[in-house]
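Step one of this worksheet: look at the structure below.
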Amino acid sequence: MFVNLTDVLHGEDKTVTMQIEPEMEAVTIGKETYPVIRKTSFLMTFTNVEHGKAQVTGEGGITFSMPCGRCLKDVEKTLELSFDRTVFSPDRSISPDDSDDQEYMNGYQMDVEGLLYSEIVINWPMKVLCRPDCRGICRQCGQDLNTGTCDCDTFVPDPRMAAIQDIFNGSKEV
């Protein structure tokens, strides 16, 4: 979805507020694609701050389905996004520091989906859990440890003791 910002970028003290419904159905982060479950409309305000320069603010939420980082069950995670960006008209020279926000601009058209995607990536959680005390899955048999236990040997030897263990095992073989 594109929004024409010609009037805002060239109109002194011009402000436009819009409700924008995101069109995205899924988002790809790295090699994984996460479906959108729910989305709220974003309230976006475009304000002229000087000739050829506009402030873009917005807020809204998008809910995704993603796997729990421990047990791999699907979890619904809502990202509440709030952003404040500055964009420039194509005929204005800008500093290299300001060029990051220009990737959403195509002439006087702003790519709202591109801006939202960038905000999603910035706010993407490092790890999502189905619940804070999720026990995960067994490393050997794959049993979901939240629903039951398994009979697998869960002893993990201390790697600092490996040399002593090798000596002990060597004396058994003789």
Side-chain angles (χ1 to χ4, degrees), residues 1-9 14-49 53-90 97-152 154:
M1 165 184 273
F2 286 89
V3 174
N4 188 336
L5 297 181
T6 305
D7 293 342
V8 174
L9 287 166
K14 176 88 172 174
T15 298
V16 175
T17 301
M18 304 172 87
Q19 289 275 60
I20 297 178
E21 185 71 33
E23 296 173 350
M24 63 182 64
E25 298 299 321
V27 66
T28 301
I29 307 287
K31 295 179 182 177
E32 298 293 323
T33 299
Y34 304 94
V36 173
I37 305 297
R38 283 184 302 282
K39 48 194 168 187
T40 61
S41 58
F42 279 75
L43 179 63
M44 296 184 72
T45 304
F46 308 93
T47 306
N48 178 281
V49 290
K53 181 178 178 181
Q55 197 73 29
V56 179
T57 59
E59 56 185 40
I62 300 178
T63 302
F64 297 95
S65 176
M66 57 185 70
C68 173
R70 292 185 185 153
C71 69
L72 304 177
K73 287 182 184 172
D74 283 337
V75 177
E76 287 187 11
K77 177 69 175 171
T78 301
L79 295 181
E80 294 294 335
L81 304 176
S82 180
F83 50 89
D84 186 353
R85 301 288 180 106
T86 303
V87 295
F88 300 90
S89 67
D97 293 338
D98 294 327
S99 65
D100 288 346
D101 290 340
Q102 288 304 105
E103 65 187 54
Y104 321 112
M105 296 296 290
N106 185 7
Y108 289 97
Q109 303 287 322
M110 178 181 201
D111 179 9
V112 175
E113 295 287 322
L115 172 65
L116 293 179
Y117 177 77
S118 174
E119 289 296 321
I120 289 167
V121 170
I122 290 169
N123 291 288
W124 198 255
M126 294 301 288
K127 186 178 232 180
V128 174
L129 299 178
C130 60
R131 60 185 205 218
D133 63 339
C134 178
R135 297 181 62 211
I137 57 175
C138 175
R139 294 177 188 235
Q140 292 179 352
C141 70
Q143 165 72 34
D144 183 351
L145 299 175
N146 295 313
T147 60
T149 59
C150 61
D151 294 330
C152 295
T154 59

Can you list the residues that meet the side chain to side chain donor-acceptor pair (under 3.5 Å) rule with [X], with sequence neighbours excluded?
X      : answer
Lys77  : none
Asn106 : none
Thr47  : none
Glu80  : none

Taking it one step at a time, do Val87 and Leu5 satisfy side chain to side chain contact (heavy atoms under 4.5 Å, CB included)? CA-CA 10 Å; Val87 295; Leu5 297 181; 4.0 Å; yes
Quick one: which residue pairs count as a side-chain hydrogen bond (donor to acceptor under 3.5 Å, both in side chains) with a foot in residues 118-128, not counting sequence neighbours? Arg85-Glu119, Tyr104-Ser118
Name the atoms and distances for all side-chain donor-acceptor pairs under 3.5 Å in residues 21-34, with sequence neighbours left out.
from  : atom 1 : to    : atom 2 : distance (Å)
Glu25 : OE2    : Lys39 : NZ     : 3.2
Thr28 : OG1    : Thr33 : OG1    : 3.0

Distance in Å, [X] [atom1] paired with [Y] [atom2], rounded so as to fall on 0.5 Å steps:
X      : Y      : atom1 : atom2 : value
Thr15  : Gln55  : OG1   : CD    : 10.5 Å
Met110 : Leu115 : CE    : CG    : 4.5 Å
Met66  : Asp74  : CE    : CG    : 10.0 Å
Asp151 : Gln143 : CG    : CD    : 9.5 Å

Applying side chain to side chain contact (heavy atoms under 4.5 Å, CB included), can you list everything that pairs with [X], at least two apart in sequence or on another chain?
X      : result
Val75  : Cys68, Val128, Cys130
Gln19  : Ser41, Leu43
Gln140 : Cys138, Cys152

Does the side chain to side chain donor-acceptor pair (under 3.5 Å) test come out yes or no for Ser65 and Glu76, once each step is laid out? CA-CA 5 Å; Ser65 176; Glu76 287 187 11; over 6 Å; no
Just to verify, what does Arg139 make a salt bridge (Lys or Arg N to Asp or Glu O under 4.0 Å) with, not counting sequence neighbours? none
May I have the step-by-step check of side chain to side chain contact (heavy atoms under 4.5 Å, CB included) for Leu81 and Phe42, ending in yes or no? CA-CA 9 Å; Leu81 304 176; Phe42 279 75; 3.9 Å; yes
Quick one: closest heavy-atom pair of Ala54 and Val8, and the distance?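 Smallest interatomic distance, heavy atoms only, reads CB-CG1, 3.8 Å.
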Go through Asn146 and Cys134 one step at a time and tell me if the side chain to side chain contact (heavy atoms under 4.5 Å, CB included) criterion holds. CA-CA 6 Å; Asn146 295 313; Cys134 178; 3.3 Å; yes
Report yes or no: does Asn48 contribute a side-chain atom to a donor-acceptor pair with the main-chain N or O of Leu9 at less than 3.5 Å? yes
Asp133 atom CG, neighbour heavy-atom count above 12 within 6.0 Å: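 Yes, CG of Asp133 has more than 12 neighbouring heavy atoms, counting only those of other groups under 6.0 Å.
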Restricting to ring pair (Phe, Tyr, Trp, His ring centres under 6.0 Å), what partner residues turn up for Tyr108, sequence neighbours left out?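 So Tyr108 forms a ring pair (Phe, Tyr, Trp, His ring centres under 6.0 Å) with His10.
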Sequence neighbours excluded and cut-off under 3.5 Å, please list the side-chain donor-acceptor pairs for residues 56-64, or say none.
from  : atom 1 : to    : atom 2 : distance (Å)
Thr63 : OG1    : Thr78 : OG1    : 2.7

Mind checking whether Met44 and Val3 have side chains closer than 4.5 Å, heavy atoms only? no
